[in-house]
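Chain letters run A, B, ... following the sequence lines, proteins first, then strands; residues in each count from 1.
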Amino acid sequence: KNEVEQSPQNLTAQEGEFITINCSYSVGISALHWLQQHPGGGIVSLFMLSSGKKKHGRLIATINIQEKHSSLHITASHPRDSAVYICAANSAGDMRFGAGTRLTVKP
Amino acid sequence: ETGVTQTPRHLVMGMTNKKSLKCEQHLGHNAMYWYKQSAKKPLELMFVYNFKEQTENNSVPSRFSPECPNSSHLFLHLHTLQPEDSALYLCASSLSTSLSYEQYFGPGTRLTVT
């Protein structure tokens with residue numbers, strides 16, 4: 001069993017829908033990262049959080065340390081949000097990655 | 001643009017070749033990382049350098065040889081690779097490994113071993 005589990009693996013949504021991607025982890029962490037990977041491979045860091053909630057534009061990330069669970073929300077989704085979203089648990093500098101959630105937003 | 005560049009972006013090499021991947025950052029970061037992303041598998045950490053010193057080697061075969069001549073440059077030397085080494089190789093940097101600093105990723109080098 002992977003130390004970082006994401007769900008769903010694949011997600012298709014219509015433009016404008018509210019999207020939630022979940023991440024559960026079993027290791028102790030110093031921070032939890034959400035990454036976005038577009039076709040072609042480049043990865044962009046979206047959030048790094050260790051407690052509570054962060055918001056950037058239409059993206060919101062939350063974390064519950066006690067439950068070892070984090071969620072990434074996208075409001076008013078758009079086709080340009082189509083990408084693979086990866087959750088990563090930073091455990092004392094050692095990053096453990098989830099398998100990723102492939103999101104497709106259709107116009 | 002994340003401030004981390006990688007060259008080449010694509011590489012095809014035979015199993016007897018020797019090649020090198022290059023990563024460069026001018027973000028003032030002191031930690032640099034090599035990751036491997038194989039098809040349908042999570043990212044795997046390969047090597048970590050902090051202030052030019054290798055701090056982690058994640059049981060990587062010796063046919064992969066990293067080099068960090070200074071805090072801005074990181075190389076991955078490849079020799080006698082196997083077809084299963086075909087993958088996307090990503091470089092990243094962060095301010096330090098000692099705390100949970102955000103990592104900045106390069107665009108990756110897509111390697112095909114024939």
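With a 4.5 Å cut-off on non-hydrogen atoms, A:Q9 does not touch chain B at all. The part of A:I86 that comes within reach of chain B is its side chain, from C-beta onward, which places non-hydrogen atoms under 4.5 angstrom from that chain. There is no contact between B:Q6 and chain A, counting heavy-atom distances below 4.5 Å.
Here A:F47 contributes atom CZ and B:E102 contributes atom CD; the two are 10.5 Å apart, rounded to the nearest 0.5 Å. If you take CD1 on A:I43 and CG on B:L43, they are separated by 4.5 Å, rounding to the nearest 0.5 Å. Considering CD of B:Q103 and CG of A:N90, their distance stands at 7.0 Å, rounded to 0.5 Å.
Heavy atoms of other residues, nucleotides or ligands lying less than 6.0 angstrom from NZ of B:K52 number 12 at most. In the displayed structure, A:E67 atom CD is contacted under 6.0 Å by at most 12 heavy atoms of other residues, nucleotides or ligands.
Minimum interatomic distance between A:G98 and B:P42 (heavy atoms only, all atoms of both residues): O-CB, 3.7 Å. Across A:Q37 and B:Q37, no two heavy atoms sit closer than the pair NE2-OE1, 2.7 Å.
With hydrophobic clusters built from ILVMFWY side chains whose heavy atoms lie under 4.5 angstrom apart, A:I60 does not share a cluster with A:L103. Following chains of ILVMFWY side-chain contacts shorter than 4.5 Å, one cannot reach B:Y104 starting from B:L90, and the two form parts of different hydrophobic clusters. B:Y49 and B:V4 are assigned to two separate hydrophobic clusters, defined by single-linkage of ILVMFWY side chains at heavy-atom distances under 4.5 Å. Follow the hydrophobic side-chain contacts under 4.5 Å out from B:L11 and you reach B:W34 in the same cluster. One hydrophobic cluster, built from ILVMFWY side chains closer than 4.5 Å, holds both B:Y89 and B:V60.
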Residue pair A:M95, B:Y35: steps toward the side chain to side chain contact (heavy atoms under 4.5 Å, CB included) verdict: CA-CA 10 Å; A:M95 295 276 273; B:Y35 290 95; 3.7 Å; yes
Stepwise side chain to side chain contact (heavy atoms under 4.5 Å, CB included) check, B:F105 with A:L35: CA-CA 10 Å; B:F105 286 82; A:L35 310 172; 4.1 Å; yes
